[in-house]
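Along the sequence shown, residues are numbered consecutively beginning with 1. This one's a predicted model, so the numbers in the text were calculated from it and none came from an experiment.
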Amino acid sequence: MSDDPRFGLSRTATLPGPLRLDGGVLLSPVDIAYETYGTLAPDAGNAILVCHALTGDHHLASDHPVTGKPGWWARMVGPGKPIDTERYFVICANVLGSCLGSSGPASINPATGKPWAMAFPVITIRDMVRAQAMLLDHLGVERLFAVVGGSMGGMQALSWAATFPERVAAAVVIASAARHSAQNIAFHEVGRQAIMADHRWRGGDYYEDNDPPTSGLAVARMAAHITYLSEAGLTAKFGRRLQAREAKTFGFDADFQVESYLRHQGLSFVDRFDANSYLYITRALDYFDLAEEHGGTLANAFTGDTRFCLVSFDTDWLYPTGESRTIVHALNAAGAPVSFVELSSPFGHDAFLLESPELDRVISGFLGAGKSDELPDFVRPRGPAARRHPRLPGAVLLGRGHPARGGRARSCALAVRRRL
């Protein structure tokens with residue numbers, strides 16, 4: 001299998017399509033950039049699809065070709081790691097609409113020979129998933145052992161389980177939600193307006209002159225990056241400390257360390273991402289509402305035998321724990337097997353990308369659980385710490401009391417078994 005040209009790093013598949021989009025457009029052909037790690041089993045039963053977030057890419061555990069930095073989840077994926085490439089065949093695809101090799105506004109429109117720009121059709125999370133399904137067909141993977149994703153990747157994982165339930169044995173949804181809130185839509189609109197207000201945007205037609213709206217895109221990234229952090233994390237890392245100076249300048253340079261940090265985040269981002277792709281993908285996020293896609297009831301989205309693991313972080317205010325609980329309630333109503341854990345971290349939404357032994361144990365334990373009617377040890381009731389959840393029948397809360405929080409569980413797992 002290792003000699004198969006479809007498998008390996010920095011691969012691109014041109015799929016004939018057509019791909020019918022939610023907006024009614026037929027897209028053909030469809031380019032999908034992707035990478036694979038590990039060896040596909042003879043029965044193709046060990047495949048795991050890892051879905052990336054808004055500004056992520058398919059360089060999951062390999063060095064990024066632009067920045068030279070390690071892959072965005074290299075700490076999680078690899079030999080002997082929680083997503084063990086000695087055991088699993090791991091696939092990561094650049095989402096439809098992005099700018100790292102998959103079809104999007106920066107790619108060439110075959111009808112004109114020029115970049116699509118704003119003529120590219122508006123896409124949805126479900127469109128991204130359908131494109132990934134076409135890629136799996138190309139790779140010879142009929143059913144996934146698991147689909148795993150954080151943030152927007154978690155939305156894709158949910159959409160996979162809802163759109164192709166027969167193709168997903170397990171789904172791991174980290175720091176995510178079943179729909180975008182009004183607050184999240186508002187933050188995205190600020191970013192989009194920043195891009196479109198940049199005089200170099202020119203209605204999206206900036207490719208020919210190679211003069212993209214970098215100022216607007218940098219501001220959009222700065223605004224979004226704030227939502228990925230937490231107040232406690234920002235205070236601990238920066239506080240009100242000044243940047244390389246002993247006194248305020250009484251001007252508008254970056255006096256504070258946090259200002260300098262955000263400017264750096266914005267400037268470094270524009271070297272690796274396309275402004276139009278940012279518009280399209282944020283719009284796809286804002287359109288995401290899994291309940292709306294299934295008659296207004298979220299439980300209706302879950303009709304298969306997929307088992308689920310949901311993880312949230314207590315300082316994540318972009319997709320707070322309440323969003324995960326909403327999904328758990330819906331899964332419980334649908335009779336789906338689900339485990340849930342809220343982890344404690346000072347790092348806000350970005351915690352899923354950072355070093356987290358607890359998250360490592362959750363993912364490796366869940367993936368190693370095997371059959372759909374089994375639950376890993378970390379969600380089995382043990383001793384006096386186990387107690388019934390007051391609102392979810394069949395659920396068990398686990399965790400150790402945290403004295404600083406009045407005995408409230410710092411890390412509690414919610415296990416819901418399928419009711420026969």
Is there a side-chain contact between [X] and [Y], using heavy atoms and a 4.5 Å cut-off?
X: F187; Y: L318; answer: no
X: S103; Y: W116; answer: no
X: P346; Y: T315; answer: no
X: Y206; Y: D274; answer: yes
X: S28; Y: L26; answer: no
X: M152; Y: V95; answer: yes
X: P82; Y: R75; answer: no
X: Q265; Y: R221; answer: yes

_Please verify the inter-ring angle class for F7 with F89; under 30° counts as parallel, over 60° as perpendicular, anything in between as tilted._
perpendicular

Would you tell me whether [X] and [Y] have side-chain atoms, one donor and one acceptor, within less than 3.5 Å of each other?
X: R200; Y: S215; result: yes
X: D31; Y: T14; result: yes
X: H349; Y: S151; result: yes
X: R272; Y: T67; result: no
X: H188; Y: Y278; result: no

*Applying the salt bridge (Lys or Arg N to Asp or Glu O under 4.0 Å) test to R143, which of D43, D305, D137 qualifies?*
D305

Flag, side chain of [X] to backbone of [Y], donor-acceptor distance under 3.5 Å:
X: R11; Y: L9; value: yes
X: N94; Y: I32; value: no
X: Q156; Y: H52; value: yes
X: R263; Y: A218; value: no
X: D127; Y: D22; value: yes
X: T36; Y: G8; value: yes
X: Y37; Y: A61; value: yes
X: R241; Y: K237; value: yes
X: R283; Y: I123; value: no
X: T227; Y: A223; value: no

_Test side-chain contact (heavy atoms from CB on, under 4.5 Å) on M76 and V50; report intermediate values, then the result._
CA-CA 11 Å; M76 183 66 70; V50 177; over 6 Å; no

Let me confirm one number: the [atom1]-[atom2] distance from [X] to [Y], rounded to the nearest 0.5 Å.
X: T282; Y: N184; atom1: OG1; atom2: CG; answer: 11.5 Å
X: L343; Y: I174; atom1: CG; atom2: CD1; answer: 9.5 Å
X: T249; Y: L242; atom1: OG1; atom2: CG; answer: 9.0 Å
X: S312; Y: R325; atom1: OG; atom2: CZ; answer: 7.0 Å
X: F269; Y: L217; atom1: CZ; atom2: CG; answer: 5.0 Å
X: S364; Y: L359; atom1: OG; atom2: CG; answer: 9.0 Å

What pair of heavy atoms forms the shortest contact from [X] to [Y], and how long is it?
X: V168; Y: W160; answer: CG2-CE3, 3.7 Å
X: P115; Y: A106; answer: CB-O, 4.1 Å
X: W72; Y: D57; answer: NE1-O, 2.8 Å
X: D198; Y: G216; answer: OD2-N, 2.9 Å
X: E86; Y: G80; answer: OE1-N, 4.2 Å
X: A220; Y: A194; answer: N-CB, 4.3 Å

*Mind running side-chain contact (heavy atoms from CB on, under 4.5 Å) on L40 and N46 for me, showing each step along the way?*
CA-CA 7 Å; L40 186 64; N46 67 334; 3.7 Å; yes

*Is there a ring pair (Phe, Tyr, Trp, His ring centres under 6.0 Å) between Y319 and H180 once you walk through the steps?*
CA-CA 9 Å; Y319 302 125; H180 237 208; 5.7 Å; yes

*Evaluate whether atom CD of E231 has more than 12 neighbouring non-hydrogen atoms of other residues, nucleotides or ligands under 6.0 angstrom away.*
no

*Please say whether more than 12 non-hydrogen atoms of neighbouring residues, nucleotides or ligands are located less than 6.0 Å from CZ in R192.*
yes

*asked:* Among L158, V338, N332, L290, which residue satisfies the side chain to side chain contact (heavy atoms under 4.5 Å, CB included) criterion with I327?
replied: L158

*Begin from the C-alpha positions of E189 and D286 and carry the test side-chain contact (heavy atoms from CB on, under 4.5 Å) through to its verdict.*
CA-CA 9 Å; E189 178 62 4; D286 292 347; 6.0 Å; no

*Does R126 make a cation-pi contact with Y287 (under 6.0 Å, within 45 degrees of the axis)?*
no

_Please determine whether side-chain contact (heavy atoms from CB on, under 4.5 Å) holds for the pair V311 and F352, giving the CA-CA distance in whole Å, both sets of side-chain angles, and the decisive distance to 0.1 Å._
CA-CA 9 Å; V311 182; F352 80 95; over 6 Å; no

